[in-house]
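What follows is one structure encoded as structure tokens, with my remarks underneath.
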Amino acid sequence: MTKKFTELAYTKMDDFVYGSCPNPVTTKSGMVIGGGLVYPEINFTLPGMDINDETMPKAATIYANIIEGVLKRAAELYAPGVLVEFETLPDFTEHPKYGIEANKILLEGMKEAADKYGLKTAIRTTPNDLREFSRPPVMRGGKYWETMLELYEQCAKDGSDFLSIESTGGKEIHDSALVKADIRLAIFALGILGVNDMEFLWNHLVALSDSNSCFAAGDSACGFANTAMILAEKGFIPHVFAAVIRVAAVPRALVAFEQGAVGPSKDCAYEGPYLKAITGMPISMEGKSAAGAHLSPCGNIAAAVADAWSNESIQQVKLLSDMAPVVGMEQLIYDIRLMNAATEKGQQVMFRDLLVQSDSPLDVQAYVLRPDVVMRISSELVKTQDNFLRTKIAAKLTVEELKKAIAEGKVKSDKRDLKWLDKMEKGIDSIPDDPDKFYQEMKAVLDMDKFIPSEYGL
Amino acid sequence: MTKKFTELAYTKMDDFVYGSCPNPVTTKSGMVIGGGLVYPEINFTLPGMDINDETMPKAATIYANIIEGVLKRAAELYAPGVLVEFETLPDFTEHPKYGIEANKILLEGMKEAADKYGLKTAIRTTPNDLREFSRPPVMRGGKYWETMLELYEQCAKDGSDFLSIESTGGKEIHDSALVKADIRLAIFALGILGVNDMEFLWNHLVALSDSNSCFAAGDSACGFANTAMILAEKGFIPHVFAAVIRVAAVPRALVAFEQGAVGPSKDCAYEGPYLKAITGMPISMEGKSAAGAHLSPCGNIAAAVADAWSNESIQQVKLLSDMAPVVGMEQLIYDIRLMNAATEKGQQVMFRDLLVQSDSPLDVQAYVLRPDVVMRISSELVKTQDNFLRTKIAAKLTVEELKKAIAEGKVKSDKRDLKWLDKMEKGIDSIPDDPDKFYQEMKAVLDMDKFIPSEYGL
Amino acid sequence: MATLQDVSQCVLEGDLDGIKDLVQDLINEGVDPILIINEGLIGGMNIVAPLFKSGEMFVPEVMESADTMNEGMKLVKPLITDEDVPSKGKIIIGTVNGDLHDIGKNLLVMMLESRGYTVIDLGVDVKEEAFTKAVIEHQPNIVGMSSLLTTTMMKIESTIKQLIADGVRDQVKIIVGGAPVTQEFADDVGADGYSDDASTAVELCDRMMEEQCKLQELGV
Amino acid sequence: MATLQDVSQCVLEGDLDGIKDLVQDLINEGVDPILIINEGLIGGMNIVAPLFKSGEMFVPEVMESADTMNEGMKLVKPLITDEDVPSKGKIIIGTVNGDLHDIGKNLLVMMLESRGYTVIDLGVDVKEEAFTKAVIEHQPNIVGMSSLLTTTMMKIESTIKQLIADGVRDQVKIIVGGAPVTQEFADDVGADGYSDDASTAVELCDRMMEEQCKLQELGV
Ligand code: B12
Ligand code: B12
């Protein structure tokens with residue numbers, strides 16, 4: 001019963017642009033995400049504090065202040081609507097009552113803003129993946145799984161519009177792949193462990209969403225590709241490695257949509273453009289206006305085909321003007337005003353190309369987000385339905401694209417990049433097309449204390 | 001010997017665009033401000049702390065960390081150059097040795113970045129206007145004046161590229177004009193007190209710059225028009241009042257250029273577009289990326305004709321990604337990348353118009369920054385050389401522009417706006433064209449405890 | 001025939017010309033001056049306050065209302081003793097040592113005055129000792145300090161220390177505010193209250209005064 | 001004939017295949033094993049460290065160098081007593097209670113090990129008591145705690161309190177780090193050191209160990 005994506009959602013490059021997509025999603029309040037306008041997606045988090053029964057009232061007040069502040073500013077700046085994300089901190093998932101309470105506070109704040117300003121809003125609830133609290137992670141049952149579902153279900157019932165997660169299946173292996181810049185290990189983690197877990201997880205989340213009249217929105221390779229991006233940004237691993245991981249993470253994220261997710265995909269999923277190209281569903285992205293959460297080499301290009309534009313998250317601390325989330329809201333709104341103004345004038349493609357042009361020659365990670373690159377690679381990915389093979393192909397094609405781009409001087413590169421691209425190419429080519437065979441090969445090097453094969457259906 | 005501006009610096013609207021101007025300025029490091037590219041102007045300030053001999057080493061370390069951090073990030077993101085602003089906190093002007101030390105630390109950090117990354121930089125040194133520490137302010141002599149000059153002179157000798165100030169002459173009267181929304185009083189403060197003080201002050205600063213081979217860059221109506229903007233943003237005074245104050249502040253700021261300043265004008269001088277239209281000299285502006293310093297209704301349009309793009313200033317505090325000034329640097333660079341990418345493609349006018357279109361229909365303060373409005377009003381301002389009359393005309397024309405725009409539905413307005421526009425119009429019309437006559441009239445309502453006429457040549 | 005409601009309406013509208021006749025009428029009719037003040041004049045400002053808080057009135061309008069109220073007061077005050085002039089409490093306010101930011105503080109003063117407080121404005125750049133001196137001289141219920149600079153916020157702390165050293169800290173409640181100031185900072189330096197805008201600052205003072213009354217009733 | 005410099009070059013290049021022959025050669029030539037370790041193997045890592053800090057080497061390359069060093073160690077270690085194996089000090093490291101962020105801590109572990117420290121990695125989500133237990137068991141010189149979440153940074157404080165309560169706080173130096181942690185926070189909760197990246201963290205540990213040595217020399 002899973003969806004198959006056998007062809008691209010776009011035939012014309014000019015349609016592949018921010019703000020609109022073939023399969024928009026309409027929220028309870030009537031925001032049409034992917035229907036033409038880019039919306040701001042606001043994120044926030046608590047300042048330094050402990051979470052327990054004693055401090056929860058304080059945390060509740062902070063959330064109430066945040067939502068009141070950001071929506072007030074959004075109304076003052078005439079936002080066309082606001083997507084709110086509640087990404088839980090671990091305590092709020094471990095103790096679902098905390099998470100449920102905070103989620104309700106946000107829903108109330110949204111209702112108040114609707115009454116007071118007529119502001120349209122919607123909320124994405126994103127519990128953190130609790131399952132990794134077991135070491136090795138227990139993915140398909142047990143108390144963490146149950147607890148997580150409890151939070152999802154009640155938030156859905158309480159009125160959340162979207163459910164998301166940054167799931168971590170396979171991360172326990174991928175972490176060492178990253179610091180070793182070991183592409184074979186990474187592809188195993190993403191293309192076998194990650195993909196298998198996504199099938200299990202999103203099958204459940206879609207069912208849960210369907211029966212509670214909310215939307216399953218999508219996942220993020222945050223624990224994989226964003227960790228890689230941060231490590232590359234700190235100069236710890238080659239940028240080309242992070243770029244390849246980004247694209248290799250696409251098939252894993254795609255699984256959510258095969259299982260029935262409808263978007264907008266998670267803001268921190270920079271693999272979003274590929275998802276949009278393949279599924280035609282709306283995506284959320286983050287870039288320069290998320291710099292308070294993490295630095296990145298894709299500040300502008302990330303917006304090129306985004307349908308929601310996010311600040312990723314920032315603590316409730318006071319800056320000189322106002323609280324940091326209010327500042328984030330203001331910046332997001334000005335960004336989307338500009339994008340939407342271009343659309344209004346029919347100049348969205350031109351604006352998209354400026355976003356692209358401004359970043360893509362400067363970093364390989366930005367380069368792989370170019371709409372043309374996205375389309376080229378995606379058109380190959382849809383030719384197979386095997387998500388492991390897709391992962392391998394994604395990595396291989398990215399290496400090829402980058403070699404070519406570097407050779408043609410289309411993107412700045414580090415003198416060490418070619419060596420690493422060669423190394424990755426060799427690694428990828430040594431991977432068999434059959435996942436079982438690959439798993440057998442990998443057993444020799446896998447740290448079996450770190451993961452439980454049966455939790456991944458192996 | 002003062003310059004006269006008798007005609008506009010532009011004949012074609014399409015030339016009036018960000019990044020370039022008829023009279024660019026070349027820094028010691030070879031950055032050409034107004035020569036085609038928009039540069040980031042980075043600003044920062046200390047976190048909560050006392051300043052004294054004991055804490056100065058700590059403050060020095062903080063400044064050293066800031067400059068190292070921001071220039072490293074600028075280099076990583078391939079900034080074409082960076083303008084650094086050192087805007088002193090009062091202690092650093094009152095005790096010039098502190099200010100001189102901090103300025104030197106920044107200069108050293110800039111040198112290091114040049115050596116390490118080949119990054120071009122320049123520094124604007126902006127002592128705060130110490131003269132208002134006397135109450136009523138003593139503007140033309142005394143210890144505060146001497147102290148301030150001491151700081152300027154040494155920083156210039158040490159290698160600063162630009163000297164600026166946010167001077168406050170007349171603010172002691174303008175403050176109450178603002179909270180009363182009293183346009184007559186405001187015009188007196190700006191057009192007589194402000195203008196007179198600017199003549200005195202900038203005559204000195206230009207001489208000082210000339211004899212120390214640095215540039216006199218320009219002033220800002222921060223204490224006048226930005227205070228108005230902030231008050232309007234908080235809903236305390238009508239937005240239309242703040243919009244009129246903005247334009248009424250232009251003649252005052254122009255005085256610096258008459259005295260020989262060459263730009264780039266101060267970032268927080270949102271009156272910059274008028275200055276550029278009239279003088280053809282480069283301007284610095286701030287908008288959405290300065291939201292951490294203050295919220296504003298001009299986040300995008302502020303960039304429309306900017307030659308440097310600033311974050312105004314933010315404390316050295318840690319956000320989740322990095323220190324706040326580093327975050328600011330990243331955001332500025334992505335903003336200017338986009339603007340410069342458009343220029344590269346020859347699309348700068350189109351991009352300018354998007355910046356304009358995205359804000360100008362939504363707030364009257366944004367509306368008065370429209371390039372066409374700027375040109376129209378400026379072309380009237382150059383017809384007289386009397387800066388008092390210019391101030392009055394600026395206010396009058398702005399009221400007319402806004403009435404027309406509101407009537408034609410070109411800009412959103414509050415239902416109370418027309419009443420206030422009428423009120424202002426009456427007030428302005430009641431002002432005689434002769435400044436002496438006006439001063440005589442005003443004597444009846446002026447609080448003579450608050451200012452010393454002779455300090456303004458009255 | 002003028003009513004108390006006419007008076008409060010007149011205050012609301014900031015009708016400086018109309019207020020005298022209305023108040024004089026009521027005085028002539030023999031209405032209790034205290035009633036004119038509380039239900040007419042201050043009554044008007046009680047309508048103004050929430051309108052200001054919700055953004056429906058601008059500061060200059062509030063100031064006109066306050067001026068109108070004061071104009072009315074001028075007529076009524078001579079009819080009652082000084083002690084009977086209702087004051088919600090006495091508040092001393094200043095921007096701290098080294099800081100010249102004025103406007104936030106001024107708005108606070110205006111809002112407090114218009115809500116019935118007696119306010120002594122010490123101005124800007126107020127040295128630590130000047131606060132003590134003012135406390136001794138004016139015996140206020142509340143001391144307010146404004147700081148807009150990260151490098152002067154510590155002066156809030158040094159001022160509180162000064163008040164302690166001078167033995168007057170316990171006589172007053174201390175409230176603080178300004179751009180870099182936060183509730184946490186207020187707690188850290190031992191202030192009694194913080195607010196980020198003038199309207200809620202008034203509410204804060206109201207709560208403090210109520211508490212003080214309760215404590216007095218309890219004889220504490 | 002192999003030289004000590006060949007060994008360190010081999011470590012720098014992360015040449016896992018070449019190291020054995022080189023080290024064996026030196027052993028056969030009768031070179032002092034301690035010298036092989038200090039000047040050859042660790043010597044190589046001493047070149048690696050600054051290259052990593054300045055961004056000229058990537059983590060995977062540093063890891064290869066470290067692996068190469070360890071491969072060489074395997075041959076030398078049997079020739080000397082355990083006490084003679086040089087260790088700069090013993091460090092216990094973990095990500096605090098409730099926090100699963102791993103990578104920053106892992107990099108720290110790797111850098112410390114490759115600079116000659118003996119590191120015991122307690123993993124992630126390490127409860128307060130588990131830190132105490134590990135201190136008692138391993139008697140480290142330094143305890144490192146990593147926290148990446150604003151809601152787990154307080155666990156640094158509670159862990160330090162636990163160590164105090166269990167009477168082992170004074171036996172160790174405590175260093176802390178992670179995204180929300182700052183020097184100020186470190187000072188506030190009573191940690192001894194903070195660093196925002198792995199390279200300077202090693203330098204921090206070096207300074208701490210030096211101090212400890214000096215104190216020991218003084219007989220303190
Ligand atoms: C990668 C990442 C993840 C990965 C972790 C992968 C892994 N195996 O560790 C995944 C996706 C799993 C993840 C999960 C979550 N994360 Co996370 N994550 C990040 C991210 C993007 C980068 C962290 C990282 O690995 N950096 C690279 C390393 C090398 O740097 P580092 O950790 O800072 O370490 C260096 C220094 O700090 C220092 N150091 C570190 N520790 C120590 C210790 C000592 C003693 C010393 C001296 C030095 C030191 O040295 C290190 C090397 O130079 C950060 C963003 C950020 N700004 O940090 C968010 C971030 C920390 N995560 C965040 C959140 C919210 C979460 C989740 C709750 C999200 C969710 N709802 O699912 C979960 C929580 C999981 C849990 N229970 O802990 C937030 C925290 C917000 C907050 N309130 O604090 C952040 C800041 C992102 C954001 N802005 O929203 N995350
Ligand atoms: C206008 C302004 C000025 C004007 C002041 C005009 C005047 N007459 O007051 C001028 C231009 C003169 C000025 C000068 C300077 N300024 Co100034 N200024 C501002 C600005 C833009 C707005 C302040 C304002 O009036 N707001 C409007 C009022 C209504 O709001 P408010 O002051 O916050 O007050 C409200 C609440 O905070 C609260 N409140 C205030 N006080 C109190 C007290 C109590 C007891 C309570 C309960 C509540 C309360 O109620 C008020 C009403 O709602 C701020 C930006 C900002 N984010 O605040 C910078 C800002 C404060 N200034 C700044 C700086 C650096 C300076 C200068 C040093 C600049 C220079 N180099 O010349 C000088 C210093 C002068 C001095 N010695 O003090 C920085 C401070 C940075 C830092 N490190 O802290 C800021 C943050 C701007 C920035 N981001 O760079 N400034």
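Naming: A, B, ... by sequence-line order, numbering from 1 per chain.
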Given side chains that start at C-beta, do those of B:Leu338 and A:Leu355 come closer than 4.5 Å, heavy atoms only?
-> yes
Between A:Asn300, A:Ile314, A:Asp322, A:Asp353, the one whose heavy-atom pairs under 4.5 Å with chain B are most numerous = A:Asn300
Here the pair of heavy atoms bringing A:Asp335 nearest to B:Lys288 is OD1-NZ, 2.8 Å
Any side-chain heavy-atom pair of B:Glu312 and A:Leu320 under 4.5 Å | no
Proximity of residues 340-350 of chain B to chain A, residues having a non-hydrogen atom under 4.5 angstrom = B:Ala341, B:Ala342, B:Lys345, B:Gln347, B:Met350
Say whether, by atom type as modelled, one donor and one acceptor occur between the side chain of A:Tyr334 and the main chain of B:Ile301 under 3.5 angstrom.
-> no
Look at A:Val326, A:Leu354, A:Asp363, A:Ile230 and state which one has the largest set of heavy-atom pairs under 4.5 Å with chain B.
-> A:Leu354
Taking C-beta and beyond as the side chain, do B:Leu295 and A:Glu76 meet within less than 4.5 Å on heavy atoms?
-> no
What option among B:Met323, B:Gln315, B:Gln357 has the most heavy-atom pairs under 4.5 Å with chain A?
-> B:Gln315
Side chain, backbone, both or neither: which part of A:Ser313 has a heavy atom under 4.5 Å from chain B?
-> both
Honestly, the part of A:Lys234 sitting under 4.5 Å from a heavy atom of chain B is neither
Of the listed residues (B:Gly328, B:Gly235, B:Ala290, B:Gly292), which shares the most heavy-atom pairs with chain A below a 4.5 Å separation?
-> B:Gly292
Going by an N to O cut-off under 4.0 Å, is there a salt bridge joining A:Arg73 and B:Glu233?
-> yes
Any donor-acceptor pair under 3.5 Å linking the side chain of A:Ser321 with the backbone of B:Ala291?
-> yes
